[in-house]
*Asks:* 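Supplied in structure tokens, the structure appears directly below.
Note that the structure is predicted; figures quoted are calculated from it, not measured.
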Amino acid sequence: MESQRDLSLVPERLQRREQERQLEVERRKQKRQNQEVEEEKRDFFTAAFARERAAVEELLEGAESVERLEEAASRLQGLQKLLNDSVLFLAAYDLRQRQEALVRLQAALAERRQELQPKKRFAFKTRRKDAASSTKVGAAPGIPPAVESIRDSPLPHKAEGDLGSSWVCGFSNLESQVLEKRASELHQRDVLLTELSNCTVKLYGNPNTLRLTKAHGCKLLCGPVSTSVFLEDCSDCVLAVACQQLRIHSTKDTRIFLQVTSRAIVEDCSGIQFAPYTWSYPEIDKDFESSGLDRSKNNWNDVDDFNWLARDVASPNWSILPEEERNIQWD
């Protein structure tokens, strides 16, 4: 009774102030705990990524058998999953560095696979030579010479940000055409599309990587890409792509219907709009299974803009495509 009487004498304002003080103490305590958890997660990721990356590099350097190469591919897939599961607590710079490291490892893996199949590569070159000869004599109707010239060309050594040095297929220097490639042509190959204008490109199947450069007014529909999609110097395009990671450079006024397991990255871009991936075709489920992508995980609206560092203000360079504008007839 005495304590209750003393408490009643305490002004209500002081009681409220004490309650607010205690709440603030709890908030600060929870914040410290959350920061400690985040730091522990980052430390674990950094150590695990470095360890697995070193293991993959060692396997690739000494890969004299298909078994070692497949072990490297399996561990590389696990490394990609580790990165995908860690995107929420990684800083944009750290995420970018790890993504670029994975791209380099994927390129090295593709090179080692080619080196372990010398007979296949020799036959590939012979077929390319025959194709070039037949094009000069009389190319198949409806297939432009530019398509034939790039279809079986090796990807040259490139600057940072490119997709590697494995074999590519694709289309180049075309205007106002409908272009297609089927699953048998694309499976685990690198696709290069460059200098296209007002074209519709349909890629059915599971490529390894996809690169689109210098495209204007094009529509690109692509099945699940096992690793990276890279856009550069494009404008007024519409894309439907599914991939592990997406990087966009120097591109404007483009709509992207996206399935991505990490985060998309934009740089030197404007007018980019994102929506969920909605394209479908027969056997797309089979292609997703072949690609290794997790269909239940889609970070289509989680985008990093490397030209916009303010975390509390949305980037003006990209936005979410309104739902009323997403109803597109793909076919």
*Asks:* With a 4.0 Å cut-off, would you call E232 and R247 a salt bridge?
*Replies:* no
*Asks:* Under the rule for side-chain hydrogen bond (donor to acceptor under 3.5 Å, both in side chains), what residues qualify as partners of K219, not counting sequence neighbours?
*Replies:* none
*Asks:* With the side chain counted from C-beta on, respond yes when L231 and L239 share a heavy-atom pair under 4.5 Å apart, and no when they do not.
*Replies:* yes
*Asks:* Does atom CD of Q77 have more than 12 heavy-atom neighbours from other groups under 6.0 Å away?
*Replies:* no
*Asks:* Check D287, N206, L210 against S226 for a side chain to side chain contact (heavy atoms under 4.5 Å, CB included) and give me the one that passes.
*Replies:* N206
*Asks:* Do L105 and L79 have side-chain heavy atoms sitting under 4.5 Å apart?
*Replies:* yes
*Asks:* Any non-hydrogen side-chain atom of H249 less than 4.5 Å from a side-chain atom of T213?
*Replies:* no
*Asks:* Do I256 and I265 share a hydrophobic cluster, counting only Ile, Leu, Val, Met, Phe, Trp and Tyr and linking them when any side-chain heavy atoms are less than 4.5 Å apart?
*Replies:* no
*Asks:* Say you draw a straight line from CZ of R182 to NZ of K202; how long is it, rounded to the nearest 0.5 Å?
*Replies:* 9.5 Å
*Asks:* Please find the pair of heavy atoms, one from Q80 and one from Q245, that lie closest to each other, and give the distance.
*Replies:* OE1-NE2, 4.1 Å
*Asks:* Evaluate whether atom CD of E180 has more than 12 neighbouring non-hydrogen atoms of other residues, nucleotides or ligands under 6.0 angstrom away.
*Replies:* yes
*Asks:* Looking only at heavy atoms, which two atoms of C269 and I248 are closest? And how far apart?
*Replies:* SG-O, 3.4 Å
*Asks:* Does any non-hydrogen side-chain atom of R326 lie less than 4.5 Å from one of T278?
*Replies:* no
*Asks:* Above 12 or not: heavy atoms from other molecules or residues under 6.0 Å from NZ of K286?
*Replies:* no
*Asks:* Which heavy atom in G223 sits nearest to a heavy atom in P207, and how many Å separate them?
*Replies:* O-CD, 4.4 Å
*Asks:* May I ask you to list the residues sharing a hydrophobic cluster with L293, side-chain cutoff 4.5 Å, ordered by chain and number?
*Replies:* Y204, L221, V238, F257, Y277, W279, Y281, I284, F288, L321, I328, W330
*Asks:* Hey, could you give me the NZ/CG distance between K214 and L196, rounded to the nearest 0.5 Å?
*Replies:* 11.5 Å
*Asks:* Side-chain contact test, heavy atoms from C-beta onward, threshold under 4.5 Å: evaluate it for R75 versus L59 and give yes or no.
*Replies:* yes
*Asks:* Give the other cluster members for W308, using side-chain heavy-atom distances under 4.5 Å between Ile, Leu, Val, Met, Phe, Trp and Tyr residues; answer none if it is isolated.
*Replies:* V313
*Asks:* Flag the pair E57 / L60 as yes when at least one side-chain heavy-atom distance between them is below 4.5 Å, and no otherwise.
*Replies:* no
*Asks:* Considering non-hydrogen atoms only, spot the tightest contact between S262 and Q244 and give its length.
*Replies:* OG-O, 2.6 Å
*Asks:* Please round to the nearest 0.5 Å and tell me the distance separating atom CG of D233 and atom NE2 of H216.
*Replies:* 13.5 Å
*Asks:* So, do R53 and R98 sit near enough that their side-chain heavy atoms are less than 4.5 Å apart?
*Replies:* no
*Asks:* Mind checking the CG-OG1 spacing from L246 to T261? Nearest 0.5 Å is all I need.
*Replies:* 11.0 Å
*Asks:* Rounded to the nearest 0.5 Å, what's the gap from CG on D285 to OG on S280? Could you check?
*Replies:* 7.0 Å
*Asks:* Compare every heavy atom of A215 with every heavy atom of C237, then report the nearest pair and how far apart it is.
*Replies:* SG-O, 3.7 Å
*Asks:* Among V266, T254, D304, which one satisfies side chain to side chain contact (heavy atoms under 4.5 Å, CB included) with W318?
*Replies:* V266
*Asks:* Give the intermediate values and the outcome of side-chain contact (heavy atoms from CB on, under 4.5 Å) for residues F171 and V191.
*Replies:* CA-CA 9 Å; F171 303 101; V191 179; over 6 Å; no
*Asks:* Count the heavy atoms belonging to other residues, nucleotides or ligands that lie under 6.0 Å from CD of E323, then report whether that count exceeds 12.
*Replies:* no
*Asks:* So which heavy atom on T251 is nearest to which on I272, and how close?
*Replies:* O-CD1, 3.6 Å
*Asks:* For residues L179 and L220: do they belong to one hydrophobic cluster (side chain heavy atoms under 4.5 Å, members Ile, Leu, Val, Met, Phe, Trp, Tyr)?
*Replies:* yes
*Asks:* I'd like to know if the side chain of N307 reaches the main chain of D268, judged simply by a donor and an acceptor atom lying under 3.5 Å from each other, with no hydrogens or angles considered.
*Replies:* yes
*Asks:* Determine whether S290 and H187 satisfy the following criterion, side-chain contact (heavy atoms from CB on, under 4.5 Å), listing intermediate values before the conclusion.
*Replies:* CA-CA 9 Å; S290 172; H187 185 66; 3.1 Å; yes
*Asks:* Can you check side-chain contact (heavy atoms from CB on, under 4.5 Å) on N317 and F306, steps first, answer last?
*Replies:* CA-CA 10 Å; N317 300 317; F306 285 171; over 6 Å; no
*Asks:* How long is the span from the SG atom in C199 to the CD atom in Q177, to the nearest 0.5 Å?
*Replies:* 6.0 Å
*Asks:* Return yes if some donor-acceptor pair links the side-chain N/O of N208 with the main-chain N/O of R189 below 3.5 Å, else return no.
*Replies:* no
*Asks:* Would you say that V229 contacts L258 through its side chain, given a criterion of any heavy-atom pair below 4.5 Å between the two side chains?
*Replies:* no
